[in-house]
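Only a predicted model underlies this, so the values are computations on that prediction, with no experimental measurement involved. Chain letters run A, B, ... following the sequence lines, proteins first, then strands; residues in each count from 1.
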Amino acid sequence: MDNLAIARILREIADLLEIKDENPFKIRAYRNSADIAANHPHELALLDETGLREIPGIGKDLAARIREIAETGDTTFHRELVEEFPPTILDLLHLQGVGPKTVAVLYRELGVRTLDELEAAARDGRVRALKGMGPKKEALILKALDEQKRFAGRHLLPDAHDTAAALLEYLRHHSPDATIEAVGSLRRGCDTCGDLDLLASGAAPDLMDHLADYRLVERVLGQGDTKSSVLLHGGFQADLRLVAADSRGAAMQYFTGSKAHNIALRDRAIRLGFKLNEYGLFTIADDVRVAGEREEDVYASLGLEWIPPELREMRGEIEAAEAHTLPRLVDRADLRGDLHMHTTETDGKDDVRSMAEAARDTPLEYIAITDHSQSLAMANGLDERRALAHAGRIRALDVEDIGVRLLAGIECDIKPDGSLDLADDCLAALDLVVASVHSAFNQERQQMTDRLLRALDNPHVDVLGHPTGRLILKREPYAVDVDAIVNAAARLGVALEINCQVDRLDLNDVHARLGRDRGARFVISSDGHSRLAFGRLRWGVLIARRGWLRPSDVLNTQPFDAFRSSLRRNRQQA
DNA sequence: GCCGTTTTCGGCCCGACTGTTTTCAGTCG
């Protein structure tokens, strides 16, 4: 049982308890535990009850449940709940505007168990006949059903960023004196976003009307003086909040989240005799505002350093802010090189010179050309002879001194048995080897782990490329013991790649943090297939920041000579 | 169900908007 599977069961328990109208704090405890499981860097299944109980939020009962899930694949508690309610009614819970109370009534009064049954009930007027519901609720449900069919609900971070940027520009044009910014998961740099959360301060209330008039608005979901929601063409929901200028910082803090971070912060506020909400930080005793205009002041009044949004995930940032040990996070401007890209020699769109010139203009100081190896026949992958000839041309161009240093590398396939796709003497003759998995994704966990460990053992491997193989919103990562992989990488001096392809972003933030804590080092690489790809380095930097990485954790923040000598192949010779 | 610098019992983050109400419950973030 991996952490995600454990999290799924815990989350289902929380959802079913909610439909049962159980104690809301019990529900929160289960939901919280699901989040803990999903984000925990270590395999919970490997911890015993004592180890589990050391995790804040996991007590006696939850530890026992997690042990039971790890050992048997499920818990009796969960099975009993599923017997009471068919699991398909959880689909209803994900409809916009339909919550646990509504689901419970629909099931109890109408026997509705599936989305199709709900649609039928809404269409023939049975929903509006229920107590507490009416024609509007019925219409809302039908709309939600329609939207649910059309939109998956989550979006890649860069898509969310672009959509938000266009909307922000439109709103700022209307209210040039106001401050209007993206908050929520977008500001925290999460790899996927649900809704777009925007915050305006110091704007006139007619900004809300202006939002509704935006040309990409498909439907207004709700509109008030301080809060409005719209559905955009393309499936994004945008929420806009409006606060007074003197509440700007508190509102930024509040709407940036994460939810868990906010709860902890508010809890801290209470312990210190304050009340924290989106309008400010107030004394409980006499309701005097002590902070609100600036986010920094809110944190400072709570005895904390300002915490970068990317860290606000309840992964130790509050303790670090209190102890003044927050890391100086890596920044896009720290990157001097890009160590993974393709050219027309295999499946890239631009040749080596074009890529080099585009890198120089980005600007970057050095790049590695890493075309595919022969196993990737579809991509016209290189065999030993072509790889070495290609390397010769790359080095010849480097001698021309065109304003960016070039390394002749390869992205070498890791074959299903863990051997590498090209002979050792060929790999040794190159400047840098990125080793990656592109086949046999469905291997058993142990087999995949052994495969990667064997590849890491090859002394010619400098970087492990997109280490978990995930494609965000498309393909789950392959089953692999990431813990063992990052330990081996740290021990052997193999850098872990943070791949900046927008649907990879692999390693993810949680694993980057794990690797950092184990002393592994990283590279942030575009995996570009055209000269336009260098811009995406910013997304990998966000992941790195969410993983608490400092410049010193990332090899390609170093000047060229220092970078070269920090590669595994050159460290071993030294 | 978790948790403890008033605590092993009694708290647990907070507010806006909507719809069906007539003072509030449900949903959302």
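Taking atom NZ on A:K137 and atom C1' on B:dT20, their separation rounds to 10 Å, with Å as the unit. For A:K60 and B:dT8, the NZ to C1' distance is 14 Å, given to the nearest whole Å. The interatomic distance linking A:Y30 (OH) with B:dC2 (P) rounds to 7 Å, in whole Å. Here the P atom of nucleotide B:dC2 and the CZ atom of A:R31 are 16 Å apart, to the nearest Å.
Within 4.0 Å of A:N262, counting heavy atoms only, lies no atom of the nucleic acid at all. Note on A:I36: nothing from the nucleic acid sits closer than 4.0 angstrom, heavy atoms only. Across all strands, A:P24 comes closer than 4.0 Å to no nucleic acid atom at all (heavy-atom distances).
Distances from the side chain of A:N23 to the nucleotides B:dC12, B:dT20, B:dG26 place B:dC12 closest. Checked against B:dG26, B:dG29, B:dC2, the side chain of A:T102 finds its nearest nucleotide in B:dG26. In this structure, the nucleotide among B:dC12, B:dG29, B:dC2 sitting nearest to the side chain of A:A29 is B:dC2. Set against B:dC12, B:dC2, B:dG29, the side chain of A:D239 has B:dG29 as its closest nucleotide. Considering only side-chain atoms of A:E278, the nucleotide from B:dG1, B:dA16, B:dT20 that sits closest is B:dA16.
Annotation: A:F274 is not in aromatic contact with A:F282 [ring centroid separation under 6.0 Å not met].
The nucleotide B:dT8 finds no pairing partner, because no Watson-Crick or G-U wobble arrangement with both distances shorter than 3.5 Å includes it.
Residue A:K227 has no polar side-chain atom (N or O) positioned under 4.0 Å from OP1 or OP2 of B:dA16. Remark: A:T226 is in phosphate contact with B:dC17, judged by side-chain N or O atoms under 4.0 Å from OP1 or OP2. Side-chain N/O atoms of A:K275 include one lying less than 4.0 angstrom from OP1 or OP2 on B:dG15. An OP1 or OP2 oxygen of B:dC13 is reached within less than 4.0 angstrom by a side-chain nitrogen or oxygen of A:R28. An OP1 or OP2 oxygen of B:dG1 is reached within less than 4.0 angstrom by a side-chain nitrogen or oxygen of A:R65. Applying the 4.0 Å criterion to OP1 and OP2 of B:dA16, one finds that A:Y254 has every side-chain N and O outside that range.
No cation-pi contact links A:R11 to A:Y30, judged by a cut-off of 6.0 Å to the six-membered ring centre and 45° from its axis.
Here, B:dC13 and B:dT20 have their P atoms 31 Å apart, quoted to the whole Å. Using atom C1' as the reference point in both B:dG11 and B:dT6, the two lie 12 Å apart (nearest Å). Taking atom P on both B:dT5 and B:dC12, the two are 16 Å apart, rounded to the nearest angstrom.
By the 30° and 60° cut-offs, the orientation of the rings of A:H210 relative to A:Y170 is parallel.
Both A:P135 and A:P100 sit near DNA chain B, but only A:P135 has its closest nucleotide nearer the 5' end.
For A:R187 (side chain) and A:P309 (main-chain N/O), no donor-acceptor pair under 3.5 Å exists by modelled atom type. Looking only at distances, a side-chain donor or acceptor of A:T88 sits under 3.5 Å from a matching main-chain atom of A:R113.
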